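Remarks on the structure that follows.
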Amino acid sequence: MSSKQTVVHWFRKGLRVHDNPALASAVQRVTDAPLANFVLRPIFILDPEIRKWLKVGPNRWRFLQQSLDDLDQNLRKLNSRLYVVRGDPVEVFPKLFQQWNVCLLTYEYDIEPYAIKRDAIVHKYANEREIEVLVEKSHTIYDPNVILSKNGGKVPLTYQKYGNLASTCKQPNPVDVPSQLREGCDPEQDETERKDLHCYDVPGLKELGVEQKELGECKFPGGETEGLRRLQEYMKRKTWVCSFEKPNTSPNSLEPSTTVLSPYVKFGCLSSRLFMNELNKVLKGQKHSQPPVSLVGQLMWREFYYCAAAAEPNFDKMVGNKICLQVPWETNQAHLEAWSHGRTGYPFIDAIMRQLRQEGWIHHLARHAVACFLTRGDLWISWEEGQRVFEELLLDADWALNAGNWMWLSASAFFHQYFRVYSPVAFGKKTDPEGQYIKKYVPELSKYPSGIIYEPWKASPQVQAKLGCVIGKDYPKRIVIHEEISKLNIQKMTKAYRDNRNAKDEAIADDQDANQFTNKRKTSITPSKSPSKKVKRENTMDRYLKRE
DNA sequence: TTCGAGTTGAATGT
DNA sequence: ACATTCAACTCGAA
């Protein structure tokens, strides 16, 4: 055991040295203390068991691996290194606390329920050993809990409402990169420890269980260095930044029409606070687009979902989720498989799903198209299934954003105009009438001309044979008829909304009955049932009768 | 209670 | 490129 005391910074998300307040605090502590008595060890904990319950695809494991490697290198430039500790955090910390003689633990706050639970246990262990814990909030620009309390504890359910609340808060300034992590303190000078240090090395892909052959082309390498490089590259395009409007970007261009900074922000390789700061610098004094469609608006969407997610522990589920519409989705394993592997028979949908599996990134509007298709539009399969597939395949899959967007697209929360359904044929044609994108990702159809490539089933068998791709043999028949099923599904959604409304009214009525009972006993006041509620229930019934 | 607004629909007009 | 119609949702402000 070392006679020195150790300050530990625990990396989880926030895989960066820039704008990292918790890391900066750890460095400060070491710098302020008498030299040679303190050692700073930046750690990342890798749980070998995690693969048993967390389904993450090879591309995302690679992104993490690259991010850890880059972080290690950036720390080495600051005369330190990354210590990757293997094990379950809850079991690792008691050992580390003792073995390294830990006096201070710092980390970045995380709102995800599993993280909150884990951190509470670690915090308790630290308290028991009288180890100081310092937690900083830097994953989002605004603190979700501050926004919630400004709204009286209620979740803001609209973007505008959220924006109004956020606009009353000050935007934090990013903190500087520490100049040195180890001023005169060298943990590796200890002979006995030095020979064991290789056990803390950054894992290779093999250790993460990734086979080279299952990996797609690496279009977006992980890491802080690449994240910052990408940010600078896009910030140079000032006119583009100022005029950015998300709905006008293309979901099916051959090269991304947006920044693809999301994976870097998700892992915290790039600070959202720095991102916002850099955007503000570019926009200052210029005419520019506005939220929700602007680039600033995109960052604010992230804030919006983080806030809602922080308020609802069951945010990633339908049942038990107070803000989520309860819908009787159906199970269809064959359809789910077809969707997730790009075999629905709709070329636009299949191209998107194949790009997702190969590259780990698809455009936001492409996500809309496939999410609508899986849920309310066509297949009537639960958004939770889609969420799982995105969680596995998207480099930028983020608990709060993934669940929030799935609820949005399935019209389960935040968005309610369920009668607006994306067409798996028409939507892609607007930005890619030639079907170049389809030809790239669904090469079976590469000989199909622009007129028919979005609907290959319309070609006669003879023409199909001539074009080298017979539908039902070389490429699947479409698994549903969109024109028919989407109309039926809209009706099902109408019923789901009606049922949810009735259930809510019942609950309110029951609640009032209960209150009435209590009031009667306690005060002898007999308030009548709210007339407004009564009317509303009658109206609902009227509508119900009119239709059926 | 009412009413306008809601990042990004589609089909069919002009 | 923009307007209308389709059918009709909820949230939040007034």
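Convention: sequence-line order gives letters A, B, ...; per-chain numbering from 1. The model shown is predicted, which means the values in this text are computed figures rather than measured ones.
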Per the salt bridge (Lys or Arg N to Asp or Glu O under 4.0 Å) rule, which among A:Arg12, A:Lys137, A:Arg16 passes with A:Glu108?
-> A:Arg16
In which stems does DNA chain B show up, taking only runs of three or more Watson-Crick or G-U wobble pairs whose two distances fall under 3.5 Å?
-> B:1-6 with C:9-14, B:9-14 with C:1-6
Interatomic distance, [X] [atom1] vs [N] [atom2] [rounded to whole Å]:
X        : N      : atom1 : atom2 : result
A:Ile490 : C:dA8  : CD1   : P     : 9 Å
A:Gln160 : C:dC11 : CD    : C1'   : 11 Å
A:Phe427 : B:dG9  : CZ    : P     : 7 Å
A:Tyr422 : B:dA10 : OH    : C1'   : 12 Å
A:Asp499 : C:dC9  : CG    : C1'   : 14 Å
A:Gln491 : C:dC9  : CD    : P     : 11 Å
A:Lys487 : C:dA8  : NZ    : C1'   : 16 Å
A:Leu401 : B:dT7  : CG    : P     : 15 Å

Does NZ or CZ of A:Lys219 come closer than 6.0 Å to the centre of the six-membered ring of A:Trp361, within 45° of the ring's axis?
-> no
Between [options], which one does the side chain of [X] approach most closely?
X        : options               : answer
A:Phe419 : B:dA11, C:dA7, B:dT7  : C:dA7
A:Lys430 : B:dT7, C:dA8, B:dA10  : B:dA10
A:His416 : C:dT10, B:dT7, B:dT8  : C:dT10
A:Lys504 : B:dT8, C:dC11, B:dA10 : C:dC11

Salt bridge or not between [X] and [Y]? Use side-chain N to carboxylate O under 4.0 Å.
X        : Y        : value
A:Arg388 : A:Glu391 : no
A:Lys322 : A:Glu312 : yes
A:Arg302 : A:Asp396 : no
A:Glu444 : A:Arg354 : yes

Any side-chain donor near an acceptor of the partner, A:His482 and A:Tyr346, under 3.5 Å = no
Does any donor atom in the side chain of A:Tyr441 or A:Glu359 lie under 3.5 Å from an acceptor atom in the other side chain?
-> yes
Is the ring of A:Trp301 stacked on the base of B:dT7, with centres less than 5.5 Å apart and planes under 30° off?
-> yes
Tested for side-chain contact (heavy atoms from CB on, under 4.5 Å) against A:Ser257, the lone hit among A:Asn248, A:Asn252, A:Leu365, A:Thr249 is A:Thr249
The single option from A:Trp329, A:Trp383, A:Trp380, A:Trp339 that satisfies side-chain contact (heavy atoms from CB on, under 4.5 Å) with A:Leu374 is A:Trp339
Taking only the [atom1] atom of each, what is the distance from [N] to [M] in whole angstrom?
N     : M      : atom1 : value
C:dA8 : B:dG6  : C1'   : 13 Å
B:dT7 : C:dA13 : P     : 14 Å
B:dA5 : C:dA3  : P     : 15 Å

Looking at A:Pro433 and A:Ser450, what are the two nearest heavy atoms and their distance?
-> O-CB, 3.5 Å
Shortest non-hydrogen contact between A:Pro456 and A:Tyr475, atoms and distance | CG-CE2, 4.3 Å
Has A:Gln417 got a side-chain N or O lying under 4.0 Å from the OP1 or OP2 atom of C:dA7?
-> no
For B:dA10, does either OP1 or OP2 sit under 4.0 Å from a side-chain N or O belonging to A:Arg420?
-> no
Check step by step if side-chain hydrogen bond (donor to acceptor under 3.5 Å, both in side chains) holds for A:Asp143 and A:Tyr109.
-> CA-CA 10 Å; A:Asp143 180 346; A:Tyr109 182 70; over 6 Å; no
Give one of base, sugar-phosphate or nothing for A:Val293, where a contact means two heavy atoms less than 4.0 Å apart.
-> base
Between protein and nucleotides 12-14 of chain C, what N or O pairs are separated by less than 3.5 Å?
residue	atom	partner	partner atom	Å
C:dG12	OP1	A:Leu157	N	3.1
C:dA13	OP1	A:Lys161	NZ	3.1

Neighbours of DNA chain B within residues 354-370 of chain A, by heavy-atom distance under 4.0 Å = A:His364, A:Leu365, A:His368
